[in-house]
Q: 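Pasting in a structure now, in structure tokens, and then I'll have a few things to ask.
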Amino acid sequence: MDDEDNDYELERQKIIAENRALLDSLGFEGGGAAALGIAKPKAIAKPASGNSKKRKSAPAKTEEGPRRRSGRIAGIDATAEVLQARADEEEKEREVLRVINRKTRDQVMPLGEMLEDAKDAEKADLETFLKGVAATPAPRRFPNEDTTDKDAYAEPSQNDHELARLKSQFKNMQLRASAKVTTERVFSMLVHPEPSKCIVCVGDKQGTVGIWDALGPAAESTKAEEDDSASDAEGGFEGRIWRVQAHARNSITSMKIGPVDGSKLYTASYDCSLRAISFSDCISRELFSMPDEDMLITHFDLAPDGNQAWIADKNGGISHADFREGKLGGRRRWVVSGERAAKLGGLSINPLMPHLIVTAGNDQHLRIWDTRHLSSLTPRTVDNLALPDPPADSKSDTAEHVNTQPTFSIPNDRIVSHMESNKGKGLLRASWQHGKSCSAAYWDPWGRRVLTTSYDDKLRVWNLDPASLQPDQPLDPKTFKPARSIPHNCQTGRWLTILRAQWSQNMDYAPHFTVGNMKRSLDVISGNGEKIVSLWTDAVTAVPAVTASHPNRVDHVVGGNTSGKIQLWSAQ
């Protein structure tokens with residue numbers, strides 16, 4: 001048992017002791033806790049000496065007790081208060097056991113084992129559904145070097161006509177469906193690009209991925225949900241919902257669909273891992289993990305080939321992972337943000353020039369990096385290059401097992417020194433400081449614009465000519481300024497997920513993005529800062545802090561709130 005297992009066992013025993021004391025205080029006869037069948041805690045095993053491996057296979061599932069006992073036989077006075085207290089304590093005990101059971105995820109896991117409280121029929125239904133999605137390729141569209149200003153909607157003469165065309169798609173928008181897709185607060189969300197469906201993937205605070213076939217036929221189990229899950233006034237339950245415990249009990253901070261054919265869902269979490277769910281074989285695989293559990297993954301993005309990822313963490317680092325490297329592949333990390341307010345809250349890869357990435361940081365800065373310059377920065381020593389052996393009980397074979405330890409990490413002082421040299425002057429292409437923390441930054445689907453969200457209550461858009469990004473040198477600070485600055489309340493506070501304005505990936509219409517509004521509306525705004533529509537009804541009682549839009553159906557947008565409820569808006 002490692003230190004983490006020991007901590008959980010200590011917490012579990014503490015809760016059991018508190019439960020027993022509560023039952024004794026209620027006057028239960030026959031030993032109080034014993035009347036309800038709560039077992040005495042076992043002795044705690046001390047952690048083994050020496051270096052322990054970070055990840056182990058998930059522990060065997062424990063019976064989610066305690067076992068129900070007859071209160072009448074035990075001589076318990078069945079008052080309403082006693083019965084309620086007993087039910088509450090039993091549920092607390094079950095939740096502790098659930099935490100232990102899902103504390104870790106195997107490197108390779110069948111999807112059926114990750115479904116929460118699902119019957120065999122539900123597991124088979126999800127597998128059939130996902131394999132059907134994988135059978136219809138839905139690749140992401142990418143620009144190329146021949147993309148003209150007109151094709152990228154960058155010609156001023158085209159703006160008025162294209163803006164009117166965009167607005168026409170958002171007329172008569174209505175709340176099409178509403179459902180409680182996850183049980184906890186929504187942290188991340190996307191819509192699958194499959195053009196004939198509206199498949200919404202939602203990541204919540206507890207590591208659960210909710211998969212919602214929003215416009216599909218309703219499942220029977222869905223119709224029987226409690227009234228507070230969804231109401232007819234909010235669009236009612238429509239479609240099917242599955243909940244997958246994709247990560248350990250930590251927030252899912254970012255999600256992406258595989259860009260090549262749309263057959264994989266990539267998710268990153270505060271459990272310091274990046275995983276991929278394959279729709280074709282319904283297997284979840286861990287592709288990357290941090291060695292330090294305090295090095296939380298805050299955001300990531302995929303390269304156009306789908307084989308590489310850039311990953312941001314809360315300690316100011318960006319890591320590169322190439323999934324083709326397999327078991328012996330290295331992992332590389334560079335600390336690009338200093339110690340003060342080091343957290344990077346956003347990262348995005350330029351779809352036209354994948355070597356350019358943009359980061360958003362708590363130090364208020366937006367920065368554009370040329371990652372080609374990072375390869376020349378290697379560690380001065382090789383003491384930390386030893387790779388761990390794969391776990392003996394790992395389910396993965398040689399071909400599937402991946403190294404989850406970074407090969408090296410370059411400190412910030414080396415980054416700064418490199419940028420000051422002639423060789424590294426092209427590493428940092430541009431930088432701009434916001435009034436307060438910059439919480440998100442994204443490239444648009446043409447690779448010509450950058451959108452940021454900041455706690456200084458502004459949404460900003462930069463327009464960049466690809467020709468200006470070609471030279472291997474920094475942009476002129478005098479010209480690198482936002483073209484649009486849009487007032488927007490971004491003061492979400494502690495209990496609301498941070499607002500992130502996000503571009504629509506639809507390339508058939510003028511650039512536009514979605515963002516949640518503190519007045520409980522979902523706003524659609526054009527790239528020139530003009531509000532296209534503000535979506536709201538009396539039935540929406542919470543802020544849709546997390547938003548997303550369908551890549552291939554321009555008028556389909558979704559918003560998610562703190563209760564895990566998702567609303568789908570559409571004009572059709």
Side-chain angles (χ1 to χ4, degrees), residues 105 107-111 114 126-144 188-203 209-213 242 244 246-247 252-269 273-289 297 299-312 319-326 329 347-352 354 357 396 399-400 402 404 442-443 445 447 502-507 548-553 558:
R105 303 279 86 180
Q107 287 188 339
V108 179
M109 291 187 71
L111 199 58
M114 305 172 81
L126 174 59
E127 292 187 1
T128 300
F129 176 75
L130 293 181
K131 289 179 179 179
V133 174
T136 306
R140 177 179 168 181
R141 294 169 57 187
F142 286 96
N144 55 53
S188 55
M189 182 165 57
L190 58 79
V191 183
H192 192 277
E194 211 284 350
S196 65
K197 301 179 183 294
C198 188
I199 305 168
V200 185
C201 300
V202 183
V209 170
I211 301 175
W212 182 29
D213 180 18
W242 299 272
V244 179
H247 289 265
I252 296 178
T253 56
S254 186
M255 311 173 75
K256 301 290 178 182
I257 289 292
V260 176
D261 58 9
S263 65
K264 291 182 179 179
L265 173 65
Y266 296 79
T267 58
S269 167
S273 70
L274 171 65
R275 301 186 68 96
I277 297 175
S278 171
F279 295 171
S280 56
D281 61 9
C282 295
I283 297 293
S284 171
R285 296 174 174 85
E286 181 182 282
L287 302 178
F288 178 89
S289 73
I297 295 177
H299 213 73
F300 79 98
D301 200 3
L302 297 172
D305 62 8
N307 292 319
Q308 303 174 70
W310 282 94
I311 302 158
S319 300
H320 177 253
D322 190 327
F323 308 140
R324 297 165 296 186
E325 292 177 332
L347 181 149
S348 178
I349 297 175
N350 187 306
L352 180 63
I357 66 173
S396 59
E400 287 182 320
V402 294
T404 58
Y442 296 97
W443 288 102
Q502 301 203 58
W503 292 107
S504 167
Q505 296 301 312
N506 191 298
M507 300 177 69
S549 54
H550 198 303
N552 291 310
R553 303 176 74 169
V558 291

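Heavy atoms only: backbone and side chains are in, while hydrogens, waters and symmetry mates are out.
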Q: Flag yes if more than 12 heavy atoms outside Lys256 fall under 6.0 Å of its NZ atom; otherwise flag no.
A: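 Enclosed: over 12 neighbouring heavy atoms sit under 6.0 Å from NZ of Lys256.
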Q: Heavy atoms, side chains only, cut-off 4.5 Å: are Val108 and Ile283 in contact?
A: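 Yes, their side chains come closer than 4.5 Å.
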Q: What verdict does the side-chain contact (heavy atoms from CB on, under 4.5 Å) test give for Leu126 and Val244, after you've listed the backbone C-alpha separation in whole Å, the side-chain angles of each residue and the deciding distance to 0.1 Å?
A: CA-CA 10 Å; Leu126 174 59; Val244 179; 4.1 Å; yes
Q: Quick one, Ile211 and Trp242 - any side-chain contact, counting heavy atoms below 4.5 Å?
A: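 Ile211 vs Trp242: side chains touch.
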Q: Ignoring hydrogens and geometry, is there a side-chain-to-backbone donor-acceptor pair from Ser273 to His247 under 3.5 Å?
A: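 Side chain of Ser273 to backbone of His247: no pair is present.
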Q: Is there a side-chain contact between Pro551 and Arg141, using heavy atoms and a 4.5 Å cut-off?
A: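 Of all side-chain heavy-atom pairs linking Arg141 with Pro551, none is under 4.5 Å.
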Q: Heavy-atom distance under 4.5 Å between the side chains of Gln308 and Pro354, does that happen here?
A: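 A side-chain contact under 4.5 Å is absent here.
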Q: Within a strict 4.5 Å, meaning less than it, do heavy atoms of the Leu265 and Leu190 side chains meet?
A: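 Answer yes - side chains close enough.
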Q: Using side-chain contact (heavy atoms from CB on, under 4.5 Å), reason through His550 and Asn506 one step at a time and then give a plain yes or no.
A: CA-CA 7 Å; His550 198 303; Asn506 191 298; over 6 Å; no
Q: Would you name the heavy atoms of Pro143 and Pro351 that are closest together and state the gap between them?
A: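 Smallest interatomic distance, heavy atoms only, reads CD-CB, 4.1 Å.
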Q: Can you see which heavy atom on Arg275 is nearest to which on Ala246, and at what distance?
A: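 The pair with the smallest heavy-atom distance is CD-O, 3.3 Å.
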Q: Can you tell me how far the CD1 atom of Ile277 sits from the CE atom of Met255, to the nearest 0.5 Å?
A: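 Here the rounded value is 7.5 Å.
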Q: When you compare the side chain of Asp301 with that of Trp443, does any pair of heavy atoms fall below 4.5 Å?
A: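 Counting from C-beta outward, Trp443 and Asp301 never come under 4.5 Å.
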Q: Quick one: sort the Tyr266 and Phe323 rings into parallel, tilted or perpendicular, breaks at 30° and 60°.
A: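 If you compare the ring of Tyr266 with that of Phe323, the planes turn out parallel.
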Q: Looking only at heavy atoms, which two atoms of Ser284 and Met114 are closest? And how far apart?
A: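 Scanning both residues, the minimum pair turns out to be CB-SD, 3.4 Å.
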Q: Please tell me if the side chains of Trp212 and Val202 come closer than 4.5 Å, counting only heavy atoms from C-beta onward.
A: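 A side-chain contact is absent here, since even the closest heavy-atom pair is not under 4.5 Å.
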Q: Got Arg140 and Ile257 here, is their nearest side-chain heavy-atom distance under 4.5 Å?
A: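 Arg140 vs Ile257: side chains apart.
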Q: Could you give the distance from OH (Tyr442) to CG (Asn350), rounded to the nearest 0.5 Å?
A: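 One gets 15.5 Å once the value is rounded to the nearest 0.5 Å.
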